[in-house]
**Student:** 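Okay, here's the structure, questions in a sec.
Numbers restart at 1 for each chain; the letters A, B, ... are given by sequence-line order, proteins then strands.
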Amino acid sequence: MPIQLYNNLHRRLETFEPADPERVTLYVCGPTVYNYVHIGNARPPVVFGVLARLLRRRYGNLRYARNITDVDDKINAAAIEQGVPISVITERFSRAYAEDMAALGVEPPDLVPHATAHIGEILRMCERLIQSGHAYVAEQHVLFAVDSFPDYGKLSRRSTDEMLAGARVEVAPYKRSPGDFVLWKPSTPELPGWDSPWGRGRPGWHIECSAMCEAHLGDTIDIHAGGVDLQFPHHENEIAQSTCAHGGKVFARFWLHNGMLNMDGRKMSKSLGNVFRVHDLIDKYPPEALRYALLSAHYRQPLDWSEQLIEQSIRTLDRLYGTLRELDDISVSQSERTVPAAFEAALNDDLNTPQALAALAQIAGSARQAQSAVERHAGKAALLGAGELIGLLQQDPEVWFCRGLANASVDAEAIEKLLEERRLAKLRRDFGRADMLRQQLKDQGVEIEDGANGTRWKLAGAGNVNQH
RNA sequence: GGCCGGGUGGCAGAGUGGUCAUGCAGCGGCCUGCAAAGCCGCGUACGUCGGUUCGAUUCCGGUCCCGGCCUCCA
């Protein structure tokens, strides 16, 4: 079954065929590391990370790059404010980003190129663009001439005239055309900078992605992905630079854009200040529930973020892990894991994660009802295999149900002691005493279940159990 | 203003020209000392107005509302 992807370049669903099946290339725009990222920033790495797993499963040899932007005016501002070199800021927050993404079950990409490690490539690309007449030098800036690229605006479907009509920003006087954008700009002595033929300076925002794609993935890549808010100008400009730097070769064959996360109906964005930082959320809620929540809507749709969404996700995972716990006695090796056709078909259909999660619920349902050892084994194999592909259900169920125990106010020994006391009370049919003990545990946030093989317990409620 | 996307049951959220999404919550039942979990069952959802059609939530047009981008943005 082919993988169908909605190619935003053509605004239609297309069958994905890599240019070279031996070497599939994927580039996702990564963060600017000047602060902790918010949960909206986590959507691309999570959803396109699932795409990476899907591609890797099918083609084996995937080269997946997700950059780190470590030179930028916001980083400069943060460094000046805190009185430290920019490297202190960028190292701190690129590490935090890696940790936050790992917590959300995002596998590291194959390549994590940093902009500052590619200044040479950036300068060479600038020179090539100048030589070929697609860029010019003005007041120590290197600017891309949008008029030199007839396809400019093709991705975002807008003409340069339209952009002019709606322009919100004053046009710098040295631009030949208002749509021209900066490839290289001068730095003052206190700002980070590198020597260049046009004086000491630093790269513009868009050129780094073009330079890093070229350096690591080649002139033409299979898939380029990122947030829909990057479609213009960032991705439009990348296309212009790369295409012109490569003599007209196609830059990216597929363009995928994820929708925005909303807070109270408005886009979650740092400039609006309505953000939840991943760093804080993973302290407060089980990270896997955050991942589930991010995958619960189709990636192209907007997703309303709310506490209720997280709690709903926790309860859904409770049920799925409950099924796995019922299958505790079954052992499934890595090679025995399976990916049911309906589940994979959903992901192949433009990464339809809600449908895939619906299929996962069905898989769990039949696994729960399986009677024979063979069926139960197949159920668990499917649950783990499908879960692995989408990055869920890979924990030990007991770990899931005891979420946050290490930080919570309860301790396991005390719980076990009360449970033993309750067991004895039940043996002598002192149910009043037994119910009292259950209530006592419940007051501590511990819920218990009596089963054939004794009593088990879990931490109840949503995420706040993990709060310190 | 220009370009683009969206309005589905209490909530989240897929999908389809004519029996079922799915999950969460709720209700009833089974099970249970009681619970919980699990199982079974239940609720006549597709913004609005027209059109096409034997039949439209699904196609077409109008309209209302919401959101995104228009050089900070995932």
**Student:** What's the gap between B/C34 and B/G29 when it is taken at their P atoms, as a whole Å value?
**Tutor:**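 Going atom to atom, P in each nucleotide, I get 14 Å.
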
**Student:** For a quick check, tell me whether the side chain of A/K267 and the base of B/C73 share a donor-acceptor pair closer than 3.5 Å.
**Tutor:** yes

**Student:** Does A/I448 reach a base, just sugar-phosphate, or nothing at all? Heavy atoms under 4.0 Å.
**Tutor:**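 Result for A/I448 = base.
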
**Student:** Checking A/E99 now: which residues fulfil salt bridge (charged side-chain N to carboxylate O under 4.0 Å, His left out) with it, not counting sequence neighbours?
**Tutor:** none

**Student:** Taking only distance into account, with no hydrogens and no angle test, what donor-acceptor pairs under 3.5 Å do side-chain atoms of residues 43-51 of chain A form with protein atoms, sequence neighbours excluded?
**Tutor:**
unit_1 : atom_1 : unit_2 : atom_2 : d
A/R43  : NH1    : A/G259 : O      : 2.9
A/R43  : NH1    : A/Q301 : O      : 2.7
A/R43  : NH2    : A/H298 : O      : 2.9
A/R43  : NH2    : A/Q301 : O      : 2.9

**Student:** Listed by chain and number, what are the side-chain hydrogen bond (donor to acceptor under 3.5 Å, both in side chains) partners of A/D229, not counting sequence neighbours?
**Tutor:** A/K267

**Student:** Need one value for A/G40: base, sugar-phosphate or nothing, where a base atom within 4.0 Å counts as base even if backbone is also close, heavy atoms only.
**Tutor:** base

**Student:** With sequence neighbours left out, what residues match A/D435 under side-chain hydrogen bond (donor to acceptor under 3.5 Å, both in side chains)?
**Tutor:**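 A/R438.
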
**Student:** How many Å lie between CD on A/E447 and C1' on B/A36, as a whole number?
**Tutor:** 7 Å

**Student:** For residues 345-369 of chain A, which residue pairs qualify under salt bridge (Lys or Arg N to Asp or Glu O under 4.0 Å), counting only residues two or more places apart or in two chains?
**Tutor:**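 Sorted result for residues 345-369 of chain A: A/R300-A/D350.
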
**Student:** What's the NZ-C1' distance between A/K74 and B/U71, to the nearest Å?
**Tutor:**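 Atom NZ in A/K74 sits about 13 Å away from atom C1' in B/U71.
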
**Student:** On the six-membered ring of A/Y34, is A/K270 placed so that its NZ or CZ lies under 6.0 angstrom from the centre and within 45° of the ring axis?
**Tutor:**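 Cation-pi check for A/K270 and A/Y34: passes.
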
**Student:** Counting distance alone, no hydrogens or angles: does the base of B/C73 have a donor or acceptor under 3.5 Å from a partner atom on the side chain of A/N41?
**Tutor:** no

**Student:** With sequence neighbours excluded, tell me which residues meet salt bridge (charged side-chain N to carboxylate O under 4.0 Å, His left out) with A/E388.
**Tutor:** A/R337

**Student:** Quickly work out the A/Q371 CD to B/G38 P distance and round it to whole Å.
**Tutor:**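 Taking atom P of B/G38 as the reference, CD of A/Q371 is at 16 Å.
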
**Student:** In whole angstroms, how far is the P atom of B/C66 from the CG atom of A/L303?
**Tutor:**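 About 21 Å, once rounded to whole Å.
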
**Student:** Is it the case that A/R66 places NZ or CZ above or below the six-membered ring of A/Y27, under 6.0 angstrom from the centre and within 45 degrees of the axis?
**Tutor:**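 No cation-pi geometry.
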
**Student:** With rounding to the closest Å, how many angstrom separate the P atoms on B/U48 and B/G10?
**Tutor:**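 It comes out at 13 Å once rounded to the nearest Å.
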
**Student:** A/W205 side chain N/O closer than 4.0 Å to the phosphate oxygens (OP1, OP2) of B/C73?
**Tutor:**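 So the side-chain polar atoms of A/W205 do come within 4.0 Å of the phosphate oxygens OP1 or OP2 of B/C73, strictly under.
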
**Student:** Is A/Q439 close enough to B/A35 that one of its side-chain N or O atoms is under 4.0 Å from OP1 or OP2 there?
**Tutor:** no

**Student:** Between A/Y6 and A/N237, who's closer to the 5' end of RNA chain B by nearest nucleotide?
**Tutor:**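 Upstream on the strand: A/Y6.
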
**Student:** For a quick check of understanding: with a heavy-atom distance under 4.0 Å over all strands, which category does A/R11 fall into, base, sugar-phosphate or nothing?
**Tutor:** sugar-phosphate

**Student:** Check A/D450 with A/R422, please: is the shortest side-chain N to carboxylate O separation under 4.0 Å?
**Tutor:**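 Answer for the salt bridge query: yes.
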
**Student:** Counting the atoms with a prime plus P, OP1 and OP2 as sugar-phosphate, which does A/R266 contact under 4.0 Å by heavy atoms, base, sugar-phosphate, or nothing?
**Tutor:**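 The answer is sugar-phosphate, as A/R266 gets under 4.0 Å only of primed atoms, P, OP1 or OP2.
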
**Student:** In this structure, how many angstroms lie between the P atom of B/A74 and the OH atom of A/Y36, rounded?
**Tutor:**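 Value for this atom pair: 17 Å.
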
**Student:** Give a yes or no on whether a donor-acceptor pair under 3.5 Å exists between the nucleobase atoms of B/A35, that is its base, and the side chain of A/R438.
**Tutor:** yes

**Student:** With a cut-off of less than 4.0 Å, is there a side-chain N or O of A/K175 near OP1 or OP2 of B/U71?
**Tutor:**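 So the side chain of A/K175 is outside the cut-off, no N or O lying under 4.0 Å from OP1 or OP2 of B/U71.
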
**Student:** Can you list everything that forms a side-chain hydrogen bond (donor to acceptor under 3.5 Å, both in side chains) with A/Q312? Sequence neighbours excluded, please.
**Tutor:**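 A/Q312 satisfies side-chain hydrogen bond (donor to acceptor under 3.5 Å, both in side chains) with no other residue.
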
**Student:** Touch check for A/Q231, heavy atoms < 4.0 angstrom, all strands: base, sugar-phosphate only, or nothing?
**Tutor:**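 Since no nucleic acid heavy atom lies under 4.0 Å of A/Q231, the category is nothing.
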
**Student:** Could you check whether A/R428 pairs with A/D430 (Lys NZ or Arg NE/NH1/NH2 to Asp/Glu carboxylate O, under 4.0 Å)?
**Tutor:**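 Salt bridge flag = yes for A/D430 with A/R428.
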
**Student:** Just to verify, what does A/S242 make a side chain to side chain contact (heavy atoms under 4.5 Å, CB included) with, not counting sequence neighbours?
**Tutor:** A/S210, A/H246, A/F251

**Student:** Heavy-atom nearest nucleotide on RNA chain B for A/R422 versus A/N352: which residue maps closer to 5'?
**Tutor:** A/N352

**Student:** What residues form a side-chain hydrogen bond (donor to acceptor under 3.5 Å, both in side chains) with A/T353, not counting sequence neighbours?
**Tutor:** none

**Student:** How many whole angstroms separate atom NZ of A/K426 from atom C1' of B/A36?
**Tutor:** 11 Å

**Student:** Please, what dot-bracket string fits RNA chain B when only Watson-Crick and G-U pairs with both distances under 3.5 Å count, crossing ones use [ ] and pairs to another strand use |?
**Tutor:** (((((((..(((.....[...))).(((((.......)))))....(((((..]....))))))))))))....

**Student:** What residues from residues 255-263 of chain A pass a heavy-atom cutoff of under 4.0 Å to RNA chain B?
**Tutor:**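 A/N258, A/G259, A/M260, A/L261, in order of number.
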
**Student:** Please report, rounded to the nearest Å, how far the P atom of B/A74 is from the CE atom of A/M101.
**Tutor:**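 Taking CE of A/M101 and P of B/A74, I get 11 Å after rounding.
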
**Student:** Please report, rounded to the nearest Å, how far the P atom of B/C73 is from the CG atom of A/D73.
**Tutor:** 10 Å

**Student:** Could you write nucleotides 20-32 of chain B as a row of B, S and -, 5' to 3', where a protein heavy atom under 4.0 Å of any base atom gives B, of only sugar-phosphate atoms gives S, and otherwise -?
**Tutor:** -BSBBS-------

**Student:** Tell me whether the OP1 or OP2 atom of B/A37 has a side-chain N or O from A/R325 closer than 4.0 Å.
**Tutor:**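 For B/A37, OP1/OP2 do not have a side-chain N/O of A/R325 under 4.0 Å.
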
**Student:** Rounded to the nearest 0.5 Å, how far does OG1 of A/T455 lie from CD of A/E449?
**Tutor:** 9.5 Å

**Student:** How would you label the contact of A/Q301 with the nucleic acid (heavy atoms, under 4.0 Å): base, sugar-phosphate, or nothing?
**Tutor:** sugar-phosphate

**Student:** Considering only the C1' atoms, how many Å lie between B/U44 and B/G9, rounded to the nearest integer?
**Tutor:**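 Comparing C1' positions in B/U44 and B/G9 gives a spacing of 10 Å.
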
